[in-house]
There are 4 protein chains.
Amino acid sequence: MQFYRVDEMADKKHERKKVLETFTKQDIMDAAIQVLTHHGIQGLTMDRVAKEAGVAKGTLYVHFKNKEQILKSAVESSFAPLVEELSNLLDSDLSPDKKLEGFTSRYLEYFDAHSDFLRVLLYDRQQAHAQSRRYRTNRYWTLVEKIAKVVEDGIRSSLFQPLDPSRIAVIFIETNVAVAIHRLWSKSPEQIEDDAALVSEMLLYGIATSRPQDEMKL
Amino acid sequence: MQFYRVDEMADKKHERKKVLETFTKQDIMDAAIQVLTHHGIQGLTMDRVAKEAGVAKGTLYVHFKNKEQILKSAVESSFAPLVEELSNLLDSDLSPDKKLEGFTSRYLEYFDAHSDFLRVLLYDRQQAHAQSRRYRTNRYWTLVEKIAKVVEDGIRSSLFQPLDPSRIAVIFIETNVAVAIHRLWSKSPEQIEDDAALVSEMLLYGIATSRPQDEMKL
Amino acid sequence: MQFYRVDEMADKKHERKKVLETFTKQDIMDAAIQVLTHHGIQGLTMDRVAKEAGVAKGTLYVHFKNKEQILKSAVESSFAPLVEELSNLLDSDLSPDKKLEGFTSRYLEYFDAHSDFLRVLLYDRQQAHAQSRRYRTNRYWTLVEKIAKVVEDGIRSSLFQPLDPSRIAVIFIETNVAVAIHRLWSKSPEQIEDDAALVSEMLLYGIATSRPQDEMKL
Amino acid sequence: MQFYRVDEMADKKHERKKVLETFTKQDIMDAAIQVLTHHGIQGLTMDRVAKEAGVAKGTLYVHFKNKEQILKSAVESSFAPLVEELSNLLDSDLSPDKKLEGFTSRYLEYFDAHSDFLRVLLYDRQQAHAQSRRYRTNRYWTLVEKIAKVVEDGIRSSLFQPLDPSRIAVIFIETNVAVAIHRLWSKSPEQIEDDAALVSEMLLYGIATSRPQDEMKL
DNA sequence: AATGAATGAGAGTTCATTCAT
DNA sequence: TATGAATGAACTCTCATTCAT
């Protein structure tokens, strides 16, 4: 029994240490997220993370090999709940179209909830400055307006559904951007014509075979 | 006459200076693009740009206020031809659906043609490493596969068109990413439900009122 | 009797502690030698020593005051057997010349046997790199070759014994280095002329009064 | 003539810049020597060199790629005059034995003149502390005394010349150290027996065939 | 206009040492 | 006695920017 108690104590000690260690590690990752949110990727410095976490700079290296690992871990941990939720949704027994609708809802919600952090993560300050504020303002919106006008033309000539032209324009252009960027990362992207055709097919006619009956009635 | 000649000379000088100045400025922007392409955003240093442009470091500051302006101008100039072309397309007298199809084709072509540069510009090296290679491999593809399976289910139950499930999955997720990111940059984004509904509407049923006749025949 | 037993126990405990303590201490010194051998003086870190010794970093400070003491003790202990052996040799009843011959043999053997460790100890990595590999290659060997040529001249003109010129040159230059370095550490070195004369005397004519008879016969 | 003057001015400018550049570079190397001398190799930090040279830390990297290059250049430049002088001596038309005598004299003189710097260069602080002061005091001198006693025995029994025993002992042991260390750096050292025999041969009988006449007379 | 040496703040990282447990 | 997380000063090196020429 004495032995048992000693064992128990050792266990507790070990457990407590583990917990403390996890606390500090989490503190550091939280601090990294804070710093990222407020200073951007370029502003993510070890000094700032340490100060924000309330530890010495050297302590960061007790828990992480280097800056890259802190960034990676922080991002990883911040995305984990979303991925978990989306996985569960996709694995559920809803109908396929409801799954996709739910996916979009949940995805947008998550981005809204973490917008400050994600804005900075996806486009770091320098880019944000150079690209979003300037590029998007000047050229981007010109294009969006032109596309909106095309959509309006389409609606007027009964070619397109009567949907909000400027929002359609934004989704259209963003989808193009997204697919283009996706091709950048593919080792062997599809033929351009095939991807272009698929995108046009989806955006123009959708992937559904027909509209649900209740919508048809309207 | 003397006056006239002096004036003329001054004019010529001025003109020549303008041209030379433009040359150097363009050289510097071209050099910046080269450096960006080969070294990434983090590797875009004034030293490298100066060396690549074949001028002294101090000269960069004669033509640009600071590094940010060089980056901005270089990116601006590299996107100009695409925007020009797309604008012309959208202003042409093609039918609205042909315009949108053409837009997608041209957009993807441009990204393919400048992939090295754009890859670096959109996701700098550090992010590319941390995000694309890791994030996308682990979590991203799990999601893509799950979505592909959902699409497959939809096709099997005749809910969806018989399109390549995994490519549809990629376009679907990328569109969601794109719209979510777009909301990040909007000062006053739409209600989530509205954006979500619109995305689902577009992806499922498209924006067209009906398929063109020649496709109907198939 | 109780008192006696307690005393005895205390004694045993004390003894056991001493032994254990010695074990750990030796483990640490051995670990230090290992680390020195494989990572050089600059690479001798408390982290590495602790890991190699299989103890925690803090434990090092239980047994040694600081890093310097570990290094000192480790070096001390690694030289002890050589010094012991050489002392015995010099205290033996061999003839003086045999003692000196034996000294040299034993000395060189020891260095050969522990070459990895000693190389690192005598010239740490940085120096080894900067000095030995570069300095010796470029300048040193030029000098050695020049001296070898001088020795060759001497042999040709029957001034010197017919001994391998390049090895003589190396020993000659190294002896000069050695004596020069020795003077660096002497608090009050001899007059330069005296040391120089003595070195020349030794290298040219040796310290023996005459060659042994058996060699004379040859 | 105008042209000539312009050319001349350009030349002068260029020349002046070159000279200034050389000045700063030399300043840095001199500063490095100073820092080495006073703080040892471990104490050679870029901060100290910059401060000593009276330039900003960043300036060091304008003239040298990194710390290693500063160290290398400084050492190189500090040894250059000695090597030059020794080379000249060895290339002169003195007799071989005079050359060797001169070599030793000059070598020792140089070390005496730069003792502070060389002490630090050859054995950095940590070693100097750990090795020279302690090792040499305790064990080294015990050995030297024992060897001196052996030499004394040899002299008493007319086996050795009547030379100062303790200085002979030092030279003897240093020569052994030198040859042993030299073997450490040789890729394929001679057989131990051969090197040992050669060292003994040299130290006992020298390399000369006979003593010069004038010495014989004494 | 063009140069490029000089700057200096600040980056990421290392590591001997301390101390509460 | 043994631990190992925490420290923080010190390290090498980078780089946008300035300025005398």
Side-chain angles (χ1 to χ4, degrees), chain A residues 9 12-14 16-18 20-21 23-25 42-50 53-68 70, chain B residues 17 20-21 24-25 42-51 53-68 70, chain C residues 17 20-21 24 42-51 53-70, chain D residues 9 12-14 16-18 20-21 23-25 42-50 53-68 70:
Chain A
M9 275 178 65
K12 271 191 181 167
K13 254 190 186 169
H14 191 253
R16 187 147 141 278
K17 274 195 176 170
K18 262 279 155 83
L20 279 177
E21 138 102 21
F23 271 4
T24 312
K25 216 166 176 171
Q42 308 271 11
L44 180 73
T45 69
M46 299 305 263
D47 268 300
R48 285 207 181 101
V49 173
V55 299
K57 212 171 11 163
T59 306
L60 303 183
Y61 290 87
V62 173
H63 297 280
F64 296 90
K65 198 192 157 199
N66 55 26
K67 184 178 152 177
E68 193 187 342
I70 294 181
Chain B
K17 271 193 180 173
L20 279 178
E21 141 103 20
T24 312
K25 224 167 171 168
Q42 308 270 13
L44 181 72
T45 68
M46 299 303 262
D47 265 298
R48 286 208 180 99
V49 173
K51 197 170 186 182
V55 299
K57 217 185 337 179
T59 307
L60 302 183
Y61 289 86
V62 173
H63 296 279
F64 296 89
K65 195 194 158 197
N66 55 25
K67 184 177 153 178
E68 194 186 342
I70 294 181
Chain C
K17 272 192 179 173
L20 280 177
E21 141 104 19
T24 312
Q42 309 271 13
L44 182 73
T45 68
M46 299 303 262
D47 265 299
R48 285 207 180 101
V49 173
K51 195 170 188 182
V55 298
K57 217 185 339 179
T59 307
L60 303 182
Y61 289 87
V62 174
H63 296 280
F64 296 89
K65 195 194 159 197
N66 55 26
K67 184 178 154 179
E68 194 187 341
Q69 292 305 311
I70 295 181
Chain D
M9 273 178 65
K12 270 192 181 166
K13 254 191 185 169
H14 191 255
R16 187 148 142 278
K17 274 195 176 170
K18 260 282 155 81
L20 278 178
E21 139 101 22
F23 272 3
T24 312
K25 216 165 177 172
Q42 309 271 11
L44 180 73
T45 70
M46 299 306 262
D47 267 301
R48 286 207 180 100
V49 173
V55 298
K57 220 184 341 180
T59 307
L60 303 183
Y61 290 88
V62 174
H63 297 279
F64 297 89
K65 198 192 158 199
N66 54 26
K67 184 178 154 179
E68 193 186 342
I70 294 182

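Below, read A as the first sequence line, B as the second, and so on, with proteins coming before strands; counting in each chain starts at 1. Predicted model only: the values in this text are computed from it and were never measured.
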A:Phe64 CZ to F:dA5 C1', straight-line distance once rounded to whole Å: 14 Å
Can you check whether A:His63 has a side-chain N or O nearer than 4.0 Å to OP1 or OP2 of F:dA6? yes
Base partner of F:dA20, which must satisfy Watson-Crick or wobble distances under 3.5 Å: E:dT3
Rounded distance in Å - CG (B:Leu60) to C1' (F:dC15): 13 Å
Let's go through B:Gln42 and A:Gln42 carefully: what are the C-alpha distance in whole Å and the side-chain angles of both, what is the deciding distance for side-chain contact (heavy atoms from CB on, under 4.5 Å) to 0.1 Å, and is it a yes or a no? CA-CA 9 Å; B:Gln42 308 270 13; A:Gln42 308 271 11; 3.3 Å; yes
Determine whether C:Leu44 and C:Lys67 satisfy the following criterion, side-chain contact (heavy atoms from CB on, under 4.5 Å), listing intermediate values before the conclusion. CA-CA 9 Å; C:Leu44 182 73; C:Lys67 184 178 154 179; 4.3 Å; yes
Whole-Å gap separating C1' (E:dT13) and CD1 (A:Ile70): 11 Å
Between C:His63 and C:Thr59, is a side-chain contact (heavy atoms from CB on, under 4.5 Å) present by the stated rule, with each step listed? CA-CA 7 Å; C:His63 296 280; C:Thr59 307; 4.0 Å; yes
Between F:dA6 atom C1' and A:Phe23 atom CZ, what is the distance in whole Å? 17 Å
Assign B:Thr45 to base, sugar-phosphate, or nothing according to its heavy-atom contacts below 4.0 angstrom with the strands shown. sugar-phosphate
Residue C:Val55, side-chain heavy atoms: nucleotide from E:dT7, F:dT3, E:dT3 that is nearest: F:dT3
OP1 or OP2 of F:dA16 less than 4.0 angstrom from a side-chain nitrogen or oxygen of B:Lys67, does that happen here? yes
Closest to the 5' end of DNA chain E, once B:Gly54 and C:Lys65 are matched to their nearest nucleotides, is B:Gly54
Taken to the nearest whole Å, CD/C:Glu68 to P/E:dC15 is 18 Å
Atom CG of C:Leu44 to atom P of E:dT14: distance rounded to whole Å? 17 Å
Considering just the side-chain nitrogens and oxygens of A:Thr59, establish if one lies under 4.0 Å of OP1 or OP2 belonging to F:dA5. no
From C:Lys51 NZ over to C:Thr45 OG1, what is the distance, rounded to the nearest 0.5 angstrom? 10.0 Å
Could you work out which one of F:dT7, E:dA16, E:dT3 sits closest to the side chain of C:Lys57? E:dA16
Quick one: look up who F:dA9 pairs with, Watson-Crick or G-U, both distances under 3.5 Å, and put none if it's unpaired. E:dT14
Could you check C:Asp47 against A:Tyr61 and say which one's nearest nucleotide on DNA chain E is further toward the 5' end? A:Tyr61
Rounded interatomic separation in angstrom, taking CD from C:Gln69 and P from E:dT17: 10 Å
Quick one: do C:Ile70 and C:Met46 satisfy side-chain contact (heavy atoms from CB on, under 4.5 Å)? Show the steps, please. CA-CA 10 Å; C:Ile70 295 181; C:Met46 299 303 262; 3.8 Å; yes
Spacing of D:Met46 atom CE relative to F:dT14 atom C1', expressed in whole Å: 12 Å
Closest nucleotide of DNA chain F for C:Gly58 versus for D:Gly43: which of these residues is on the 5' side? C:Gly58
